[in-house]
Amino acid sequence: MSAINCKVSVLAQETVAPDIRRLTVSWEDQRPEFMPHAGQFYMLRCWAADEAPVLSRPISVHDASTEHDTITFLYQVKGQGTEKLAALKAGDTLTLTGPCGNGFDVAAAAKSGTGRVAVVGGGIGTAPLLLLCKELAAAGAKPELYVGFRDEPYGLEEFLPYCAAVSVATDSGAVGYHGLVTGILHPENFDLVLACGPNVMMKGVYKLCAEHNTPCIVSLERKMACGLGACLGCTCMTKVGPRTVCKDGPVFAAEEVFDLD
Ligand code: FES
C-alpha cells in the first residue's frame, strides 16, 4: 500500500509526563487505506514547506480507532519539529503522510505456538506497543507487557485491558524492579517476543531470547527524511543486505539486524 497525504484536525493534546505528549487527530472524509496497523508510523508536519525544520517528523502510531476515525500519537518533545507539534491545540490542522512502514505481523504473532507473546518496551519505545497489544488481544493472543523506564513510567494504564500482565522495571527503582527490563523477562515462558525501544535494550532482549531459542522481533528507530523508501537515508545493513528502516522496516526479525557478540 502506498502512503497518502491527509490533512487532519487536532482533537486533543495532552501532557502525559514532563516531556511526553499524547496527540489525537481525526479527519472528516474517512479513507480506509489511511488507517494504520500496529508498528506503522506517519510523517507529521504542521509547518510550511519553506519553514524549518526541513524534514517532517516520523512518529509511530500509539492507537487508532476506525470507529471514531482517530489516530493517536504518543511522542517525546525533543527538537524543533516536536516542539511545533507540541504547540498544537484542539482544532488546529496538520498533515499526515502514511501509513508508512511494514508494521508487526500480528496474525502470525498471535498464531505462534500457544499464543504466549511477550511485548517488551523501553521508554518512549512503548508508544507503538499499545496498538500492538490491542491487535494481539483481538487476534486471540494474551500479550504480557514488560516495560523499562528511567524513572516514573507513563501511559501504562491504557495497556491493562489488553494484557494478561504488566511488569515494570526502572533504572531508578522508583517503580517495580530496580534495574533493566531484561532482569524481569523470561523468554523461555513465551513463544515469541516483540520489542521496541533503545537499540541497546532490544539487543539485550534479543540475546536473552537467543539463549532460550525464543524468536524475537524488533522495531527499529532511525532518523528519517522521506519516510517512503526513496532517499535511502535510513538504510541499515541486515544479514540479507541493505534495507530501509522506513519501508522495509521498521519491524525486522532480531537476528537479521543484531549480532550476538
Ligand atoms: Fe528515506 Fe527511509 S527515510 S528511505
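In what follows, every heavy atom counts, from backbone to side chain, and hydrogens, waters and symmetry copies are set aside. Every number for a ligand or one of its atoms is a count from 1 in the order of the listing.
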Which ligand 1 atoms, with their elements, are less than 4.0 angstrom from a heavy-atom of [X]?
X	result
Ala230	4 (S)
Gly229	4 (S)
Ala225	3 (S)

Could you walk me through whether Arg57 and Leu85 pass side-chain contact (heavy atoms from CB on, under 4.5 Å), step by step? CA-CA 9 Å; Arg57 294 293 303 147; Leu85 291 172; 4.3 Å; yes
At what distance is the nearest protein heavy atom to atom 4 (S) of ligand 1, and which residue and atom is it?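 In this structure, atom 4 (S) of ligand 1 has Leu232 N, 3.1 Å as its nearest protein heavy atom.
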Would Val147 and Ile217 show up in the same hydrophobic cluster when neighbours are defined by side-chain heavy atoms closer than 4.5 Å?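 Yes, Val147 connects to Ile217 through the hydrophobic network.
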When clusters are formed by joining ILVMFWY residues with side-chain heavy atoms under 4.5 Å apart, either directly or through shared neighbours, do Leu131 and Tyr154 land in the same one?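 Each belongs to a different hydrophobic cluster.
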Which residue is it: Thr70, Leu96, Leu88? I am looking for the one with a side-chain contact (heavy atoms from CB on, under 4.5 Å) to Val25.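 It is Leu96, the one option of Thr70, Leu96, Leu88 that forms the side-chain contact (heavy atoms from CB on, under 4.5 Å) with Val25.
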So does Glu221 have more than 12 non-hydrogen atoms from other groups sitting under 6.0 Å from CD?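 Open: at most 12 neighbouring heavy atoms sit under 6.0 Å from CD of Glu221.
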Please determine if atom 1 (Fe) of ligand 1 has an N/O/S atom from Cys246 lying under 2.8 Å away.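 False for Cys246.
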So, 2.8 Å as the limit: is an N/O/S atom of Cys234 located closer than that to atom 1 (Fe) of ligand 1?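 So Cys234 does not count as coordinating atom 1 (Fe) of ligand 1.
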I'd like to know if atom 2 (Fe) of ligand 1 has an N/O/S atom from Cys226 within less than 2.8 Å of it, counting both backbone and side-chain atoms.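 Here the distance criterion (N, O or S atom, under 2.8 Å) is not met by Cys226, so no.
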Pick whichever of Pro58, Gly233, Gly227 has a heavy atom sitting closest to atom 3 (S) of ligand 1.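 Heavy atom nearest to atom 3 (S) of ligand 1 belongs to Gly227.
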Thr244 (side chain) donor-acceptor with Asp248 (main chain) under 3.5 angstrom: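 Looks like yes, one N/O pair under 3.5 Å.
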